[in-house]
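One structure is given here, and the rest of the page talks about it.
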Amino acid sequence: MQLLKEQILPLVEQAVSAFGATDLPVASMLQPARELDQGDLTLPCFPFAKAFKMSPVEIAETLAASIPEHASLSEVTAINGYLNFRVSPRWLASQLLNGAMETTHEVSDRSVLIEHTSANPNGPFHVGRARNAILGDTLVRLHRLWGHDVTAEYYVDDMGKQVAVLAWALEHLSQTDVETLLHDREASNPTWEGKADHQRVRWYQAAQKLRQDENEAPPIEKAIGELVHASENGDEGVLQAFEDAYQPVLDGMLETLGRLGIQFDRFTKESRFVTNGDVTALMDELGALEINGVADNGAQFIDLGARGLKGKTEFFYRRGDGSSLYATRDIAYHRWKWSMSNELINVLGEDHKLQAKQVGLTLEELGHQRPEVVFYSFIKLPEGKMSTRQGNVVFMDDLLEEAKAQAGKVVSELRPDYEQETIDQIAEAVGTSAVRFNIINVSPEKGFSFRWEDALSFESGSAPFIMYSHTRACSIHRRVSSLESSEGSDALDIPDVLPQGLVDLLRVLGRHNDCLRKVVHDHRPHLFAEQLLHLANGYNAFYRDCYIIDEGEVNQFFYQVSELARDVLRNGMIGLGIIPLESM
RNA sequence: GGGCGUGUAGCACAGCUGGAUAAUGCACCGGCCUCCUAAGCCGGAGAUCGCGGGUUCGAAUCCUGCCGCGCCCGCCA
């Protein structure tokens, strides 16, 4: 609890220096207590034992006796060698209600560019890709909540083999060809008949099937190879044909993402860096580097072994025919990004780790910084990995429909008096929020198996649990507003003894911005999801212990705490992409 | 073979810049709606923190060796 630490650190430092030791890192040793029933902050005294020639238990006791009383503290105790500090709930309440949470935000003029998702536009958005989008968008939202200026960017892969395959298929295969080729596959869901991503992916899949056929493949490979080659050389006609092929697919994907509340500020096409000459200039620069190397056929690489890369150290950036590679263009893209922003964050799948390292080292070689990268492990189905090519996927569109249907069922049971339109709205909000939360709730590096039952859980550890607490606060707000014609007393009267539920809520609120700070700096949004669960839980206990409206009378102190919690909940939910409904 | 990541109750998952009784949800057992939304609240039971060594006053956390799982090791994207 930074709020408390600022107050008592000088007291603790003074008490410790009274022992005669001056250069001890008291500031970093004074830490949040893990055992919350023991206090809010703790100072383990074990490291002092040697220097002071006393037992930790004695040190803690001596220190406890020498800490003066302070408005922010209700209790200082020594237990088993720990010096524990308990915050004064009254002090905490007055701090929080007087805007302490506003001022703990970081003041910064940094502009942050977060690139995420950037999925190849070759088919509908599936759950396997969802971790990138949800993680990335949550980072965007949380940085904004913290006060950063953020640009969310999608890098459009508009010139690779995947788009070439799509373009080729749309040009050369008829609907009948496609359906014949895919006769043994599941038919496409009629719900999405009008959605281009769902339609065109069939062409893509059919082409992939043809490419596996020994007899059919050679001429197709040749044609596709020529297309790729032309695109890499900046052939505008081919690039235009590619765009015509993928843009409707991309639009369909973005529609799906929009339903999850995910939006982008900018789309940057890969081909841009080829056609504007950046890639050529980059390759010339790389060629002049000391660690540049040339292969037998004229292909060029730089040797990153001397820069700490292990394993295969040659990093190829130019083919024998002089054309660029994906990674080369990625480096050009990053140089451009550095010209736009002073902090770069990329969200990438773990399969990109090596590539990201190569790109980062190369950027450093060119005198740039490397971007920060958030890696995540793939989402699998219980049956195995998802793949658009093999058709083994759960489409996000289907997941969201199912989530909405399940949520709708719950709402109709719980609120039989609601009208259908209201039920639909709530169900949509609950469904999409639950899906986001289910994915953001676990740390990115951890493997994740998608399970319907988890994604559609609407109970305690879920988004609806948080949403529900928020609606309770909203309900109170509505009632109080309707009761009060004029504002109540202005001088706030904080009672001497506060109910436990209230104290616990204040403590959760007191830690809230500590959590957000850590989450934004370390790129670990799942910890913020956990914080919001604690906050919702804290609000529920407060709600149980404190009757804000008792026999028609509004307890102003309770109400202000409720309003603060409502505001923090709301902003936190927006930060996670959970929709803050006012009733449900 | 090499590199990176991961392994915590029946299931899922937090904690990993070393610190107290390892947190939370699901499932399981029991209690709470004549009072602000019970999608809630309270209580109970459930864990040799993958296995073996080491460092330390103290190890889920750091080091090391095994084992399981995932990803990567293209002049593909």
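In what follows, chains carry the letters A, B, and so on, assigned in the order in which the sequence lines appear, proteins first and then strands, with residues in each chain numbered from 1. Please read these numbers as outputs of a predicted model, since none were measured by experiment.
Across all strands shown, nothing is found opposite B/rA47 as a Watson-Crick or G-U wobble partner with both distances under 3.5 Å. The nucleotide B/rA23 finds no pairing partner, because no Watson-Crick or G-U wobble arrangement with both distances shorter than 3.5 Å includes it. Under the Watson-Crick or G-U wobble criterion, with both distances below 3.5 Å, B/rG68 is paired with B/rU6. Base pairing of B/rG18: no nucleotide in any strand meets the Watson-Crick or G-U wobble criterion (both distances under 3.5 Å). Partner assigned to B/rC41 is B/rG31, using Watson-Crick or G-U wobble distances below 3.5 angstrom.
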Can you give me the N/O atom pairs linking the protein to nucleotides 5-11 of chain B at distances under 3.5 Å, or say none if there are none?
from  : atom 1 : to       : atom 2 : distance (Å)
B/rG7 : OP1    : A/Lys446 : NZ     : 2.8

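Note on ring orientation: taking the six-membered ring where Trp is involved, the planes of A/Tyr539 and A/Tyr543 are tilted (angle from 30° to 60°).
In this structure, A/Tyr82 does not count as stacked on the base of B/rG19 under the 5.5 Å centre distance and 30° plane angle limits. Per the stacking criterion (ring centres < 5.5 Å, plane angle < 30°), A/Tyr547 stacks onto the base of B/rC36.
Taking the side chain of A/Leu354 as heavy atoms from C-beta on, and the options B/rA39, B/rC73, B/rC75, the nearest nucleotide is B/rC73.
Applying the 3.5 Å distance criterion, the base of B/rA23 shares no donor-acceptor pair with the side chain of A/Glu530. For a distance-only test at 3.5 Å, the side chain of A/Asn540 fails to qualify as a donor-acceptor partner of the base of B/rC41. Residue-to-nucleotide contacts include a donor-acceptor pair under 3.5 Å from the side chain of A/Thr42 to the base of B/rA20.
In this structure, the CD atom of A/Glu232 is 11 Å from the C1' atom of B/rC75, given to the nearest Å. We find that CE of A/Met467 is positioned 17 Å from P of B/rA38, with the value rounded to whole Å.
Checking A/Arg436 against A/Thr138 by side-chain atom types alone, a donor-acceptor pair falls below 3.5 Å. With 3.5 Å as the limit, one finds no donor-acceptor pair spanning the side chains of A/Tyr547 and A/Asn555. Under 3.5 Å, the side chains of A/Asn292 and A/Tyr317 contain a donor-acceptor pair of N or O atoms.
Geometrically, A/Lys353 engages A/Phe375 in a cation-pi contact defined by less than 6.0 Å to the ring centre and at most 45° from the axis.
The two residues A/Ala64 and A/Val76 have their closest heavy-atom pair at CA-CG1, 4.0 Å.
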Exercise for review: Report, as a single string ordered 5' to 3', how protein heavy atoms within less than 4.0 Å touch nucleotides 57-62 of chain B: B base, S sugar-phosphate only, - not at all.
Suggested key: B--B--

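Note on A/Ile549: a base of the nucleic acid sits closer than 4.0 angstrom, heavy atoms only. As judged by a 4.0 angstrom heavy-atom cut-off over every strand, A/Cys45 is placed among residues making no nucleic acid contact. Using a 4.0 Å heavy-atom cutoff across all strands shown, A/Gln355 reaches at least one base atom of the nucleic acid. Using a 4.0 Å heavy-atom cutoff across all strands shown, A/Ile426 reaches at least one base atom of the nucleic acid. Across all strands shown, A/Gln300 has no heavy atoms under 4.0 Å from either base or sugar-phosphate atoms. As judged by a 4.0 angstrom heavy-atom cut-off over every strand, A/Asn80 is placed among residues making no nucleic acid contact.
Against the 90° criterion about 0, the sugar-base torsion of B/rC33 places it in the syn range.
A gap of 11 Å separates the C1' atoms of B/rG7 and B/rA60, to the nearest Å.
Put simply, the side chain of A/Met283 reaches to within 4.5 Å of the side chain of A/Val279, judged on heavy atoms.
Between A/Phe315 and A/Phe301, the distance separating the two ring centers is not shorter than 6.0 angstrom.
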